[in-house]
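Have a look at the structure below before the remarks.
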Amino acid sequence: MNTSSDKKTKIAIRELYKIFGADPESVLPLVKDGMSKAELMENHRHVLGLNNINVDIKEGDITVMMGLSGSGKSTLIRHINRLIEPTAGRVELDGTDIVEMNEKELRHLRREEMSMVFQHFALLPHRTVLENAGMALDVRGVPRAEFESEANKWLDRVGLQGVGDQYPHQLSGGMQQRVGIARALSSNSPVMLMDEAFSALDPLIRTDMQDLLLDLQEELQKTVVFISHDLDEALKLADHLVILNQGHVVQQGEPQEILMKPNDPYIVDFISDINRARVLRVRSVMEETTQRPENVAGEVDYDDNLESVIARSEGQTGLTYCVMRNGEQVGVLKMTDLVKALVPTAAAADGLRSGAA
Amino acid sequence: MATYDFVFRSLGLEDWCTAGGDNAAPMSMDALIAQSSGQEASTSIWDLPFPSMDALNDACAAFPQSRNVTLGLENGFLAVKDSISVVLDPITQPLSWMLEGALYGILNTPWWIVIPALMLIVWMVSKSWQLLTFVAISIGGLAFIDYYSYAMQTLAIIMVCAFLCVLFGVPIGIAMSRSDRMRAGTIPILDMLQTLPPFVYLIPLIFLFSVTEPKLYGIAIILYAIVPVIRLTDLGIRMVDESVIEAADAFGMTDRQKLYGVQIPLALPNIMAGVNQTIMMSLAMVVIASLVSAPGLGVLVLRGINNLELGVGLISGLGIVLLAVMLDRTTKAALNRINAAQKG
Ligand SMILES: Nc1ncnc2c1ncn2[C@@H]1O[C@H](COP(=O)(O)OP(=O)(O)O)[C@@H](O)[C@H]1O
Ligand SMILES: [Mg+2]
C-alpha cells in the first residue's frame, strides 16, 4: 500500500449532484446554496441523494465508499456507469465525460470498460453458472465456444471448479457471489464496481471473499470501487477511503489518516468501537527519523499492525522499536505512543468539517 | 297534464315542445294506460315518476323517448357497419382460412395419424406417462362412441384461436409492460372484455360478419380468451427481479438482448400460466360459439338442449370436460417443467 498521489486518476467525479423528485432542476440552486437534506424533503418534497461529490479514483487502487444505510453510496456508484443520471456534475473516465456520452458510447463503456458486482448477486437464474460467468462476453456477441474457456478460467480462479453446469440457485450465497465476481472479471474491464458485494454473506465467508479480492487485486491491479457499510471491511480493503453521510463526502483520504485524524463527529462515532490495535499500522504512529535510538528492543515492519507489536512487547510499555521498510530504518516507535494511539481520538476541533464538501 | 310540465314551462320551452310535437314518437305505454283508464296522472308524491326520458316525453312531445337511444345506437352502428366491414373483412379473412384449414386438416387426416401425433405432442410437452395414458384413454373413449370428429373439431378451433391469442397477446403484454401509458389505455379494454357476458359480443359481430363465416366465432373466441395471456405477460415482465435487470443494464445489454435474453425467459412461467387460462377460456367460448355455427362438441350440447336429447347433451358435456382436463394438465405440466428449470 503505497501512497496514492503518484498514481494516475482513472475516474474523476466532479461537483456531482443528484436530487430525486418531480423537478430536480428547480431545487438544485437551493441545494447549491446549502439547503440540508431534511429541509429539502420537508419544504420541497425532493430527496437529496448526492450533494457536491468530488472524488479522484486512482488507477489500480481499491477505493472504498463507506457510510450508513441511506447515505447515498449505491446512488454514487451507479453514477459511475450511469445507471443513474446525475442532476448536475461530471464523471470522467480517463478524461472523457460519461455524462455526455450517447447511448452507443455508453453501451461500449458498460461492455468494455466497467463491470459490476451486486449485493444480491443478480445472476441470471435461468442460465447456468458457466453462462453467467460468460455473460459479459456473450453480451458483446462472442460465441459460446469462445467465451466458455474464458469463463471457465475465471470460475477456476475464484475457486469454483466443476460447477459450470449447475444453476445459480443450486449454489450457496458465497458461491453465487464468486460467480458474480467471475462474471465481472471475465469482462476483462479495467474498472470493477462492487456495491456492498459482500454484505449479504456470512461473516466467515465474507472474510474469505475479502481475501480473495485482495489476492486478485495483487495480480490484476484493477481500479476497484467498493461500497461498504462495514468499517472493518473498508479498512481492510481500502487504499483510499471516502466517507459519505447524507449524500455528501464527510472526509476522504488514506484510511490510517482518517483513523488518526477524523475531522467530524460522525466519523468519530463511526470509528469509536473498532479494534484500533488491529487496523492501525506502525507507520501511522511512528516518529519519522533515520536516527537509531538507544535501547532498541527490536525491529518492526512499517506495515505491521499494532496488535502484532503489542504481542512482541509482551505488554511492556517502556520499549522502543526501530521501524524498518525494505530493510532500511524509516522511523522509531515508542510503546507509549502506541498505547496512546489506541485511545479513540476526539475529532480534532480545528479539522472539523474542513474536509467535508 | 304530465308531472314534468312545469319544467318545460319554467324554461320557456313550450313552443319548442309543441312545434316538435309532430315528430314525437308513439305514445309511451304508461301514457296509453293512463289514457285508456281515463284517469288524470296522479299528483301524489308517492307516485312521482323518475324524470326519465319517457316521463319528460309525456310532458313535452319534442323530448326524445328512451327507445330512441337504443334505436339511435342501432342506426349508428348500421351506418358505420359497411365502412367497418370494408376494413375488417380483409384483415380477418386469414382467420377464416386458418379455421377452415385446421378443421379440414384434422378431419381429413386419418385417425391413426392424428391420435399418435397428439400423443407425441403431449409427451414432448409434459414428459409424463400418467398424462399420456389419460389422454390416450380419453381420446380413445370419445372415438369409440363416435364423438371423435366433434372432439377434433373443437380441438382444432381451440388450437387455432389459442395460437392467435398467444401470437397477439404476448406482444401486446410486452408493449404494456414497457409503457405505462399503453398499460393505462389497455387495461380498461381488457376489463371490459373480461366482464362482458360472452353473448354480448356476439351481437355486434353478427351484424359485422355473416353467420356462415368461421371468422365470426373465431373473433368471438379470441376476444374472450386473449385477456389472460396479455395480463400475465405484462405482469410477468414487470415482476422480473429489478436487480437482474440492473445487472443486464450494467453489462451493456441492448433492449433487445434484455427482452429476449432476460425478461421473456424470466416471465415465461407467468406467460405459460396465461396460456393455460387462455386455452381454458377458448374452450368455454367454443361451446357458446356453436350458437353462431362453430362446429364441434358445442353443437351437440346445443342439440341436447334444443331437442331435449339428454344423453347427447350429457355425453358431449363430458367430452368437453375431458378435453378441458387434457388441455389443462398438458399446459400445467409444461409450466411445471419451466418452473423446475429456473426456480430460485
Ligand atoms: N429512486 C429513488 N427515488 C427517490 N429517492 C431515492 C431513490 N434512490 C435512492 N433514493 C434516496 O437516496 C438516498 C440514498 O440512497 P442509497 O444510495 O440507496 O443509499 P445507500 O446505498 O447508501 O444505502 C436515500 O435517502 C434514498 O431514500
Ligand atoms: Mg445501497
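Residue numbers begin at 1 in each chain, while the letters A, B, ... track the order of the sequences. Since the model is a prediction, treat every value here as computed from it, not as a measurement. Computation of the quantities below employed the complete heavy-atom set of this structure, encompassing side-chain atoms and omitting hydrogens, waters and symmetry-equivalent molecules.
Ranking A/N81, A/L83, A/L123, A/L193 against chain B, the residue ahead of the rest is A/L83, based on heavy-atom pairs under 4.5 Å.
Separating the CZ atom in B/F251 from the CE atom in A/M116 is a distance of 9.0 Å, to the nearest 0.5 Å.
Contact record, B/T254 with A/R111: CG2-NH2, 3.6 Å, taken as the closest heavy-atom pair. Taking every heavy atom of both residues into account, A/F118 and B/A250 meet most closely at CZ-CB, 3.8 Å. Across B/S243 and A/A122, no two heavy atoms sit closer than the pair O-CB, 3.4 Å. When all heavy atoms of A/V139 and B/M253 are compared, the closest pair comes out as CG2-CG, 3.6 Å. Here the shortest heavy-atom pairing between A/H126 and B/G261 reads NE2-O, 2.7 Å. When all heavy atoms of B/A247 and A/R183 are compared, the pair lying nearest together is CB-NH2, 3.9 Å.
Proximity to chain B among residues 89-110 of chain A is limited to A/R107, A/R110, judged by heavy-atom separations below 4.5 angstrom. Proximity to chain B at a heavy-atom threshold of 4.5 Å picks out nothing from residues 65-76 of chain A.
A/R78 touches chain B through its side chain: at least one heavy atom from C-beta onward sits under 4.5 Å away, while N, CA, C and O do not. Proximity to chain A is absent for every atom of B/D241, based on heavy atoms less than 4.5 angstrom apart. For B/E242, no part lies under 4.5 angstrom from a heavy atom of chain A.
Other residues, nucleotides and ligands place more than 12 heavy atoms under 6.0 Å from the CZ atom of A/F20. In this structure, A/E219 places its CD atom where more than 12 heavy-atom neighbours from other residues, nucleotides or ligands lie under 6.0 Å away.
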